[in-house]
Asks: 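One structure is given below, represented as structure tokens, and several questions about it will come after.
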Amino acid sequence: QVQLVESGGGLVQAGASLRLSCAASGLTFSDYALGWFRQAPGEEREFVAAISRSAGTVYYTDSEKGRFIIFRDNAKNTVYLQMNSLKPEEKAAYYCAAGRRYDYAGVTANANAYNYWGQGTQVTVSS
């Protein structure tokens, strides 16, 4: 049974940092590209960041570029999202996702390409 378990969310002030973690089990972690998405109440789920199987390719939306860092540790079956200079509008539930890839460098922001999802961790940023 595949499980993705996020942790690291919390309440912080604007400008602060948080590091989210997502621990995976029940799959061959290195076969999967990984992504982070978020969803605020009443809003659509949106892409945040992704990393390829090899970790050689990372992809961010323009608003996160330079502030967020996605990285993975295949030995620990864990993907991380380091979030710096957080903004109040980034308050949301953050979800990690794993998508089976047959190439080592590919990533995608398309949520439909991800096979497995975690339950989410809440991030609240106060102004």
Asks: Between atom CG of Leu4 and atom CG of Leu34, what is the distance when rounded to the nearest 0.5 Å?
Replies: 8.0 Å
Asks: Would you please name every residue forming a side chain to side chain contact (heavy atoms under 4.5 Å, CB included) with Ser7, sequence neighbours left out?
Replies: Ser21
Asks: Quick test of your reading: applying disulfide (SG to SG under 2.5 Å), list the pairs with at least one residue in residues 97-127, sequence neighbours left out, ordered by first then second residue.
Replies: none
Asks: Report, one line per pair, each donor and acceptor closer than 3.5 Å where one atom sits in a side chain of residues 101-109; sequence neighbours left out.
Replies:
unit_1, atom_1, unit_2, atom_2, d
Arg101, NE, Asp103, OD1, 2.9
Arg101, NH2, Asp103, OD1, 3.2
Arg101, NH2, Asp103, OD2, 2.9
Asp103, OD2, Gly106, N, 3.0
Thr108, OG1, Asn110, N, 3.0

Asks: Are Val12 and Val48 joined in one hydrophobic group, where the rule is that I, L, V, M, F, W and Y side chains link up if heavy atoms are under 4.5 Å apart?
Replies: yes
Asks: Can you pull out every salt bridge (Lys or Arg N to Asp or Glu O under 4.0 Å) where at least one residue sits in residues 39-52? Sequence neighbours excluded, please.
Replies: Arg38-Glu46
Asks: Which pairs count as ring pair (Phe, Tyr, Trp, His ring centres under 6.0 Å) when at least one residue sits in residues 44-66, sequence neighbours excluded?
Replies: Phe37-Phe47, Phe47-Tyr59
Asks: Would you kindly confirm whether Val2 and Phe29 end up in one hydrophobic cluster when ILVMFWY residues are joined by side chain heavy atoms under 4.5 Å apart?
Replies: yes
Asks: Where do Glu6 and Gly120 come nearest, in terms of heavy atoms and distance?
Replies: OE1-N, 2.8 Å
Asks: Side-chain heavy atoms under 4.5 angstrom apart, residues restricted to Ile, Leu, Val, Met, Phe, Trp, Tyr: same cluster for Ile70 and Tyr114?
Replies: no
Asks: Show me the pairs that pass ring pair (Phe, Tyr, Trp, His ring centres under 6.0 Å) and involve residues 75-94, at least two apart or across chains.
Replies: Phe71-Tyr80
Asks: Do Val123 and Leu20 have side-chain heavy atoms sitting under 4.5 Å apart?
Replies: yes
Asks: With sequence neighbours excluded, give me every disulfide (SG to SG under 2.5 Å) pair touching residues 97-127.
Replies: none
Asks: Do any pairs count as a disulfide (SG to SG under 2.5 Å) and have a residue in residues 29-58, sequence neighbours left out, and if so which ones?
Replies: none
Asks: Supply the members, apart from Val5, of the Ile/Leu/Val/Met/Phe/Trp/Tyr cluster built from side-chain contacts under 4.5 Å; use none for a lone residue.
Replies: none
Asks: On a heavy-atom basis, which atom in Ser127 and which in Ala14 lie closest, and how many Å separate them?
Replies: CA-CB, 4.4 Å
Asks: So which atom in Lys76 and which in Thr78 form the shortest heavy-atom distance, rounded to 0.1 Å?
Replies: O-OG1, 2.8 Å
Asks: If only atom types and distance count, is the side chain of Gln82 paired as donor or acceptor with the main-chain N or O of Arg19 below 3.5 Å?
Replies: no
Asks: Please examine the side chains of Met83 and Trp36, heavy atoms only from C-beta on, and report whether any two atoms are closer than 4.5 Å.
Replies: no
Asks: Apply salt bridge (Lys or Arg N to Asp or Glu O under 4.0 Å) to Lys65 and list each qualifying residue two or more places apart in sequence or on a separate chain.
Replies: Asp62
Asks: Using 0.5 Å steps for rounding, measure from the NZ atom of Lys91 to the CG atom of Leu86.
Replies: 13.5 Å
Asks: Nearest heavy-atom pair of Ser52 and Arg72: which atoms, and what distance?
Replies: O-NH1, 2.8 Å
Asks: Do any pairs count as a salt bridge (Lys or Arg N to Asp or Glu O under 4.0 Å) and have a residue in residues 23-36, sequence neighbours left out, and if so which ones?
Replies: Asp31-Arg53, Asp31-Arg100
Asks: Do Val79 and Ile69 share a hydrophobic cluster, counting only Ile, Leu, Val, Met, Phe, Trp and Tyr and linking them when any side-chain heavy atoms are less than 4.5 Å apart?
Replies: yes
Asks: Restricting to pairs with a member in residues 6-103, which pass disulfide (SG to SG under 2.5 Å), not counting sequence neighbours?
Replies: Cys22-Cys96
Asks: Could you report the tightest heavy-atom contact between Leu27 and Ala98, atom names first, then the distance?
Replies: CD2-CB, 4.3 Å
Asks: Going from CZ on Arg67 to CG on Asn84, what distance comes out if it is rounded to the nearest 0.5 angstrom?
Replies: 8.5 Å
Asks: Can Tyr95 be reached from Tyr116 by stepping across I, L, V, M, F, W or Y side chains whose heavy atoms are under 4.5 Å apart?
Replies: no
Asks: Check whether more than 12 heavy atoms from other residues, nucleotides or ligands sit under 6.0 Å from atom CD of Gln119, and answer yes or no.
Replies: no
